[in-house]
Asker: 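Please read through the structure below; I'll follow up with questions.
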Protein chains: 2
Amino acid sequence: MGITKTEIFTDKQNQIAQYAKVLGHPARVAILQYLYKLNACVCGDLVDEIGLAQPTISQHLKELKHLGLIKGNVEGTSVCYCIDADNWKKMKTVMSEFLDQDLNQKDCC
Amino acid sequence: MGITKTEIFTDKQNQIAQYAKVLGHPARVAILQYLYKLNACVCGDLVDEIGLAQPTISQHLKELKHLGLIKGNVEGTSVCYCIDADNWKKMKTVMSEFLDQDLNQKDCC
DNA sequence: TTTATTCATTGCAATATTACGATTAATAGT
DNA sequence: ACTATTAATCGTAATATTGCAATGAATAAA
């Protein structure tokens, strides 16, 4: 019914899915890549860089911030976003463990 | 509008998002883990293993198959699913490249 | 042929997501 | 105080997703 039955899955499974879900939109992928490219923090010219309206970008930023992948500092009227390196590393660990399942396995059919 | 503007993003960004999106549901994560755990192929006792109705599982399997992460062979009345190792590797390459962005970067804010 | 089993498909309801216009809140500059 | 700028929030429309009951198609067993 449009709602996910998270209760029947393990915490790990839900965590993997949660990380994957937030990466599951090209705008959020693009935002993260741009923040990494600039290395230093970057302000809201993400709206110019990516071709979406300001409220839409703001919404995507909110989701990324909610999961902890980015953080934002207010600087006057503008807000400077950057990658949260610690949480990124945590995500990488969780996702890599999942993606590397194949290393322990033999061939199947 | 519920619809993603894929045109304004690069192929790579869309590809990453597409892979992530399919991993963005715990049922599909669980299915993939189960298929890996059994190593050999496995039939549709996924319905018993995971606590969702058969049509729901069938739908998730369809999405996984559509992206090429699994393949299914008909065996009499049952269907045997297994991981598509080649395509899994391709996904791992794409996702790892994205997740490893941090390795080339200095600190920011 | 009939029956049972297994799985895909269809149709539907409930909810979620994506996107944007309009508005609001906050600060900076005049 | 007034204005401009920036970004969050609200409200809304369109579409997507999740989940299941009912049904259908295909094969196996009797």
Side-chain angles (χ1 to χ4, degrees), chain A residues 1-9 13-14 16-32 34-35 41-67 70-82 109, chain B residues 1-9 13-14 17-31 34-35 41-67 70-82 109:
Chain A
M1 310 158 183
I3 198 168
T4 299
K5 288 190 162 179
T6 53
E7 333 87 58
I8 66 175
F9 301 104
Q13 287 165 342
N14 283 316
I16 293 168
Q18 210 171 13
Y19 279 132
K21 194 172 187 177
V22 89
L23 301 182
H25 193 290
R28 293 191 288 269
V29 170
I31 288 172
L32 293 167
Y34 192 65
L35 289 180
C41 306
V42 89
C43 318
D45 33 29
L46 283 160
V47 176
D48 298 328
E49 177 67 15
I50 306 176
L52 292 170
Q54 181 266 322
T56 308
I57 296 291
S58 195
Q59 198 176 326
H60 286 305
L61 288 169
K62 190 178 172 185
E63 287 177 65
L64 290 169
K65 201 159 65 175
H66 183 253
L67 244 191
I70 63 173
K71 37 188 177 179
N73 316 53
V74 179
E75 283 188 4
T77 65
S78 60
V79 177
C80 170
Y81 283 102
C82 65
C109 38
Chain B
M1 309 155 183
I3 198 168
T4 299
K5 288 191 163 180
T6 52
E7 333 86 56
I8 67 175
F9 301 103
Q13 288 165 341
N14 283 315
Q18 210 170 14
Y19 278 132
K21 193 173 189 178
V22 88
L23 300 181
H25 192 291
R28 293 191 287 269
V29 170
I31 288 172
Y34 192 64
L35 289 181
C41 306
V42 88
C43 318
D45 34 31
L46 283 159
V47 176
D48 298 329
E49 178 67 16
I50 305 175
L52 291 170
Q54 180 266 320
T56 308
I57 297 291
S58 195
Q59 196 176 327
H60 285 305
L61 288 169
K62 190 178 171 184
E63 286 177 66
L64 290 169
K65 201 159 63 174
H66 182 253
L67 243 192
I70 62 174
K71 37 188 176 178
N73 316 53
V74 180
E75 284 188 2
T77 66
S78 60
V79 176
C80 171
Y81 282 101
C82 65
C109 39

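In what follows, chains are A, B, ... by sequence order, proteins preceding strands, each numbered from 1.
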Asker: Reading DNA chain D from 5' onward, which residue's closest nucleotide shows up sooner: A:Asp45 or A:Lys5?
Answerer: A:Asp45
Asker: Tell me, please, which residues at least two apart from B:Gln13 pass side-chain hydrogen bond (donor to acceptor under 3.5 Å, both in side chains).
Answerer: A:Gln33, B:Thr10
Asker: OP1, OP2 of C:dT17 versus side-chain N and O of A:His60: anything below 4.0 Å?
Answerer: no
Asker: Side-chain contact, heavy-atom cut-off 4.5 Å: A:Phe9 with B:Ile50?
Answerer: yes
Asker: Between atom NZ of B:Lys62 and atom CG of B:Leu67, what is the distance when rounded to the nearest 0.5 Å?
Answerer: 13.5 Å
Asker: Can you tell me how far the CG atom of A:Asn73 sits from the OG atom of A:Ser78, to the nearest 0.5 Å?
Answerer: 10.5 Å
Asker: Does B:Lys62 put a side-chain nitrogen or oxygen below 4.0 Å from OP1 or OP2 of C:dC7?
Answerer: no
Asker: Which one, D:dC20, C:dC7, D:dT6, comes nearest to the side chain of A:Ser78?
Answerer: D:dT6
Asker: Looking at DNA chain C, which of residues 46-58 of chain A put a heavy atom within less than 4.0 Å of it?
Answerer: A:Leu52, A:Ala53, A:Pro55, A:Thr56
Asker: With rounding to the nearest 0.5 angstrom, report the CG to CD1 distance, B:Leu64 to B:Ile31.
Answerer: 5.5 Å
Asker: Could you give the CD-to-P distance, from A:Gln18 to C:dT17, as a whole number of Å?
Answerer: 11 Å
Asker: Please report, rounded to the nearest Å, how far the P atom of D:dC20 is from the CG atom of B:Leu61.
Answerer: 14 Å
Asker: For residues A:Lys65 and A:Lys71, determine if any side-chain heavy atom of one lies less than 4.5 Å from a side-chain heavy atom of the other.
Answerer: no
Asker: Output the rounded distance in Å from CG (B:Leu64) to P (D:dT17).
Answerer: 14 Å
Asker: How many angstroms lie between atom CG of A:Leu23 and atom CD of A:Gln18, to the nearest 0.5 angstrom?
Answerer: 11.5 Å
Asker: What's the closest nucleotide to the B:Ile3 side chain, out of D:dT18, D:dT15, C:dA16?
Answerer: D:dT15
Asker: Just the rounded figure in Å: distance from P of D:dA16 to CZ of B:Arg28.
Answerer: 15 Å
Asker: Measure the distance from CD on A:Glu7 to P on D:dT18 and round it to the nearest whole Å.
Answerer: 15 Å
Asker: Look at all strands and tell whether B:Lys21 reaches a base, only sugar-phosphate, or nothing, counting heavy atoms closer than 4.0 Å.
Answerer: sugar-phosphate
Asker: Does a nitrogen or oxygen in the side chain of A:Tyr81 sit under 4.0 Å from OP1 or OP2 of D:dA8?
Answerer: yes
Asker: Output the rounded distance in Å from CD (A:Gln59) to P (D:dT12).
Answerer: 15 Å
Asker: Can you tell if the side chain of A:His60 reaches within under 4.5 Å of the side chain of A:His25, non-hydrogen atoms only?
Answerer: yes
Asker: Any side-chain heavy-atom pair from A:Leu61 and A:Leu46 closer than 4.5 angstrom?
Answerer: yes
Asker: List every contact pair, protein side and nucleotides 25-29 of chain D side both N or O, where the distance is under 3.5 Å.
Answerer:
none

